[in-house]
**Q** 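Below is a structure I'd like to ask you about.
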Amino acid sequence: LGAVLEPLGDKEKERLGLRFGLKVKSIGNGKMKEAGVKEGYIITKANRVPVNSIKDFQQVVNQTSDGLFLAGCYADGTVVYYAVNLND
């Protein structure tokens, strides 16, 4: 998908009032960049499933053939949703 993800640290979770999430550490060419996802985006849900680990995220991706609906926010608290097309 073109993104490197990392678990959200406890301090950041507390600061943003989140219980779970994955942070986009870096973004390269790929489906997530095409959808508009930027570095620093915090994914809280993928296809309405809470994601607390990279394994959680991979499970959702593996069970999806069409696309991903991402819910999350940026470090400033701005809530953003992305639709990632997995088809070419």
Side-chain angles (χ1 to χ4, degrees):
L1 298 175
V4 176
L5 305 175
E6 66 183 3
L8 194 58
D10 290 337
K11 285 183 182 179
E12 202 157 15
K13 282 183 202 173
E14 186 177 321
R15 186 176 66 78
L16 294 167
L18 299 173
R19 292 178 299 154
F20 48 81
L22 287 178
K23 187 174 190 174
V24 176
K25 184 177 180 180
S26 64
I27 192 118
N29 292 330
K31 299 289 185 182
M32 289 180 75
K33 185 176 184 177
E34 289 171 15
V37 177
K38 294 179 178 44
E39 197 172 294
Y41 182 61
I42 299 163
I43 302 167
T44 56
K45 293 184 181 179
N47 289 356
R48 296 191 174 104
V49 177
V51 289
N52 193 36
S53 68
I54 292 171
K55 183 180 176 184
D56 290 347
F57 185 77
Q58 287 174 330
Q59 285 179 330
V60 173
V61 171
N62 291 340
Q63 294 171 356
T64 304
S65 59
D66 296 333
L68 285 173
F69 181 72
L70 303 178
C73 65
Y74 283 95
D76 65 359
T78 304
V79 175
V80 183
Y81 301 95
Y82 291 106
V84 180
N85 184 1
L86 299 180
N87 297 321
D88 288 330

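Just the heavy atoms: all of them, side chains too, but no hydrogens, waters or symmetry mates, feed the values below.
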**Q** Report the relative orientation of the aromatic rings in Tyr41 and Tyr74; use parallel for angles under 30°, tilted for 30 to 60°, perpendicular for over 60°.
**A**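 Rings of Tyr41 and Tyr74: tilted, as their planes differ by 30° to 60°.
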
**Q** Going by heavy atoms in the side chains, are Tyr81 and Leu70 under 4.5 Å from each other?
**A**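 They are not in contact (no side-chain heavy atoms under 4.5 Å apart), so the answer is no.
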
**Q** Between Asn47 and Gly67, which heavy-atom pair has the shortest distance, and what is it?
**A** ND2-O, 3.5 Å

**Q** Measure the spacing between CG of Asn85 and NZ of Lys31 and express it to the nearest 0.5 Å.
**A**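 Between atom CG of Asn85 and atom NZ of Lys31 there are 5.5 Å.
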
**Q** Heavy atoms only: give me the nearest Pro50-Asp56 pair and the separation to one decimal.
**A**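 Reported closest heavy-atom pair: O-OD2, 4.2 Å.
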
**Q** What is the minimum heavy-atom distance between Lys25 and Glu6, and which atoms define it?
**A**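 Taking every non-hydrogen atom into account, CD-OE1, 3.4 Å.
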
**Q** State plainly whether one hydrophobic cluster holds both Val79 and Val37, where clusters connect Ile, Leu, Val, Met, Phe, Trp and Tyr through side-chain heavy atoms under 4.5 angstrom apart.
**A** no

**Q** Show, in sequence, the C-alpha distance, side-chain angles and deciding distance for Ile43 and Met32, and conclude whether the side-chain contact (heavy atoms from CB on, under 4.5 Å) test is met.
**A** CA-CA 12 Å; Ile43 302 167; Met32 289 180 75; 3.8 Å; yes

**Q** Are any non-hydrogen side-chain atoms of Val84 and Leu86 less than 4.5 angstrom apart?
**A** yes

**Q** Would you confirm whether Thr44, through its side chain, and Ala71, through its main-chain N or O, come within 3.5 Å as a donor-acceptor pair?
**A** yes

**Q** Compare all side-chain heavy atoms of Pro7 with those of Asn52 and state whether any distance is below 4.5 angstrom.
**A** no

**Q** Verify side-chain contact (heavy atoms from CB on, under 4.5 Å) between Leu18 and Cys73, making sure each step is shown before the conclusion.
**A** CA-CA 10 Å; Leu18 299 173; Cys73 65; 4.2 Å; yes

**Q** Do Lys13 and Asp10 come within less than 4.5 Å of each other through their side chains, counting heavy atoms only?
**A**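 A side-chain contact under 4.5 Å exists here.
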
**Q** If I compare all heavy atoms of Val60 with all of Ala46, which pair ends up nearest, and what's the gap?
**A**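 Closest pair (atom of Val60, atom of Ala46, distance): CG1-O, 3.6 Å.
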
**Q** Closest approach of Ala35 and Ala83, non-hydrogen atoms and distance?
**A**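 Shortest heavy-atom separation between Ala35 and Ala83 comes out as CB-O, 3.4 Å.
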
**Q** Please indicate whether Asp76 has more than 12 foreign heavy atoms, meaning atoms of other residues, nucleotides or ligands, lying under 6.0 Å from its CG.
**A**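 Enclosed.
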
**Q** Can you see which heavy atom on Ala75 is nearest to which on Leu16, and at what distance?
**A**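 Looks like O-CD2, 3.4 Å.
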
**Q** What's the spacing between Ser53 OG and Leu8 CG if we round to 0.5 Å?
**A** 12.5 Å

**Q** In chain order, what residues pass the salt bridge (Lys or Arg N to Asp or Glu O under 4.0 Å) check against Glu12, with sequence neighbours excluded?
**A** Arg15, Lys23

**Q** Could you check whether any side-chain heavy atom of Leu68 comes within less than 4.5 Å of a side-chain heavy atom of Phe57, counting everything from C-beta outward?
**A** yes

**Q** Quick one: CD1 on Ile54 to CG on Leu22, what's the gap to the nearest 0.5 Å?
**A**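 Atom-to-atom, Ile54:CD1 and Leu22:CG are 6.0 Å apart.
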
**Q** Answer yes or no: is there a side-chain heavy-atom contact under 4.5 Å between Val4 and Ser26?
**A** yes

